[in-house]
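The residues of the chain are indexed from 1 along the displayed sequence.
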Amino acid sequence: MRRQLEANGLLEDQCELTADALKAIVAEYTREAGVRQLECEIGRAMRHAAMKIAEAFAEAVRIDAPDLDAIPGPARFESEGALRSSVAGVATGLAWTPAGGDILFIEATRVPGSGKLTLTGQLGDVMKESAQAAFTLVKARAADLGIAPAVFESIDLHVHIPADAIPKDGPSAGVAMFIALASLFTDRTVRHDVAMTGEISLRGLVLPVDGIKEKVLAAQRAGLRTVLLPQRNLKDLRDVPESARLAMKFIALDTVDDAIRAALPETGVRFAPAAARLA
């Protein structure tokens with residue numbers, strides 16, 4: 001900020017950009033891996049202050065978060081956390097992007113049909129395979145979940161990931177897709193404060209993924225306080241800033257059974273021990 005103060009001919013005591021305003025600029029006006037756009041937006045705020053002072057409207061200007069609407073204009077980006085819904089069939093996943101981590105909502109619904117699976121949301125091949133594996137695994141665990149196997153023959157399933165203008169791919173959404181489907185077919189809502197990452201195998205194993213630091217920070221930024229992640233990724237938490245580690249709760253997953261117990265605690269499902277299931 002000091003550089004922008006000097007660039008706009010301001011002394012340090014002539015313009016105050018509050019911490020809330022700075023957080024709002026980061027969350028609502030920038031989406032990039034670096035800080036170039038952030039500096040541009042700070043410079044815009046400083047120019048606004050300089051103009052106020054030059055026109056003798058004020059000797060010093062304090063800019064808080066609510067003031068931003070009149071400076072750079074309405075927020076350009078909306079946190080997907082606002083889209084969270086407490087309905088069955090929706091789970092919150094975590095993704096890595098070139099601009100850092102982000103959250104993804106996995107939405108699933110069913111309609112009368114003949115067992116067809118439809119996938120939408122500009123999904124790449126890897127994510128399509130994750131959805132297919134999740135559907136197969138839910139069918140395989142139907143008895144444990146209290147689902148009548150015949151139901152799969154009379155419905156079509158649609159899995160959608162919103163923000164479909166953005167291509168999405170990578171091996172990290174298998175757990176979230178499985179939980180979204182389990183939620184749909186058991187008519188239980190996923191805990192609203194939980195986000196998850198990890199891939200799955202057809203045996204129900206939860207496999208490690210990349211980008212744990214970015215995903216955890218994305219969950220924290222979205223106001224989520226519990227992250228489900230693969231057991232084999234626990235070592236990657238050392239890369240997460242200590243402030244975030246202390247503010248978050250982490251639940252390690254060996255199998256999808258662990259994810260069910262953590263994300264859908266009201267199902268009352270009693271799984272066999274993982275060792276017996278994988279034998």
field: I63 side, atom CD1; E16 side, atom CD - distance, nearest 0.5 Å
entry: 9.5 Å
Hydrophobic cluster membership, V209 vs M248, 4.5 Å side-chain cutoff: yes
task: Report the C-alpha distance between L237 and I212 in whole Å, list the side-chain angles of each, state the deciding distance to 0.1 Å, and finish with yes or no for side-chain contact (heavy atoms from CB on, under 4.5 Å).
output: CA-CA 7 Å; L237 291 178; I212 295 299; 4.0 Å; yes
- request: Output the distance between atom CD (Q231) and atom CG (D254), rounded to the nearest 0.5 Å.
  value: 5.0 Å
Side chain R221, main chain G101, donor-acceptor under 3.5 Å: yes
query: Going from CG on L94 to CG on L224, what distance comes out if it is rounded to the nearest 0.5 angstrom?
result: 7.5 Å
field: Atom NZ of K52 with >12 non-hydrogen neighbours under 6.0 angstrom
entry: no
- prompt: If you take all heavy atoms of A259 and V175, which pair is closest and at what distance?
  reply: CB-CG1, 4.1 Å
E242 atom CD, neighbour heavy-atom count above 12 within 6.0 Å: no
query: Taking K215 as the fixed residue, which of T197, D102, D210 is the one that meets the side-chain hydrogen bond (donor to acceptor under 3.5 Å, both in side chains) rule?
result: T197
message: Is there a path of hydrophobic side-chain contacts, each under 4.5 Å between heavy atoms of I/L/V/M/F/W/Y residues, joining F105 to V87?
response: yes
- prompt: Under 3.5 Å, is there a donor-acceptor pair between the side chain of R245 and the main chain of V240?
  reply: yes
task: Test V111 against I155 for side-chain contact (heavy atoms from CB on, under 4.5 Å), laying out the working first.
output: CA-CA 5 Å; V111 296; I155 58 98; over 6 Å; no
- prompt: Does a side chain donor of either S114 or E153 reach within less than 3.5 Å of an acceptor in the other side chain?
  reply: no
message: Nearest 0.5 Å, please: how far is CD in E39 from CZ in R3?
response: 4.0 Å
message: Could you check whether any side-chain N or O of T92 sits under 3.5 Å from a backbone N or O of A195, counting only pairs where one atom can act as donor and the other as acceptor?
response: no
task: State, yes or no, whether a side-chain contact exists between L5 and C15 at a heavy-atom distance under 4.5 Å.
output: yes
message: Determine whether a donor-acceptor pair (N or O, by modelled atom type, separation under 3.5 Å) exists between the side chain of R191 and the backbone of A262.
response: yes
- prompt: Between Q14 and I53, is a side-chain contact (heavy atoms from CB on, under 4.5 Å) present by the stated rule, with each step listed?
  reply: CA-CA 8 Å; Q14 287 183 300; I53 294 170; 3.8 Å; yes
field: Straight-line distance of D64 CG to L22 CG, nearest 0.5 Å
entry: 11.5 Å
- prompt: What distance do F178 atom CZ and L137 atom CG have between them, rounded to the nearest 0.5 Å?
  reply: 4.5 Å
message: Would V159 and L181 count as a side-chain contact (heavy atoms from CB on, under 4.5 Å) here? Give the steps.
response: CA-CA 9 Å; V159 176; L181 297 183; 4.0 Å; yes
Side-chain heavy-atom pair I179, V256 within 4.5 angstrom cut-off: no
task: Say whether H160 and T120, considering side chains only, have a donor N or O and an acceptor N or O under 3.5 Å apart.
output: yes
statement: Scanning both residues in full, the closest heavy-atom pair of L234 with A252 reads CD1-CB, 3.7 Å
- prompt: Can you tell if the side chain of I147 reaches within under 4.5 Å of the side chain of V138, non-hydrogen atoms only?
  reply: yes
message: So that I know where these two stand, are F185 and F152 an aromatic pair - ring centroids less than 6.0 Å apart?
response: yes
message: Minimum heavy-atom separation for G174 and A134, please, with both atom names.
response: O-CB, 4.3 Å
task: Using a cut-off of 6.0 Å, state whether more than 12 heavy atoms not belonging to D13 lie near its atom CG.
output: yes
query: Are S130 and E199 close enough, and set up right, to give a side chain to side chain donor-acceptor pair (under 3.5 Å), and what steps lead you there?
result: CA-CA 7 Å; S130 294; E199 259 311 326; 2.5 Å; yes
query: Has the side chain of D193 got a donor or acceptor atom that lies under 3.5 Å from a matching backbone atom of R225?
result: no
task: For A173 and M127, work out which heavy atoms get closest and say how close.
output: CB-CE, 3.6 Å
query: Are side-chain heavy atoms of V194 and L228 found at a separation under 4.5 Å?
result: yes
field: Q132 side chain near L117 side chain, heavy-atom distance below 4.5 Å
entry: yes
query: Should the heavy atoms of other residues, nucleotides or ligands under 6.0 Å from CZ of R110 be counted, would the total exceed 12?
result: yes
Linked, directly or transitively: V227 and L217 (ILVMFWY side chains, under 4.5 Å): no
Shortest non-hydrogen contact from I161 toward M177: CD1-CE, 4.0 Å
message: Could you report the tightest heavy-atom contact between A88 and T189, atom names first, then the distance?
response: N-CG2, 3.6 Å
query: For atom NZ of K235, is the number of surrounding heavy atoms from other residues, nucleotides or ligands below 6.0 Å larger than 12?
result: yes
message: Could you tell me if the side chain of I251 sits less than 4.5 Å from the side chain of T226, heavy atoms only?
response: yes
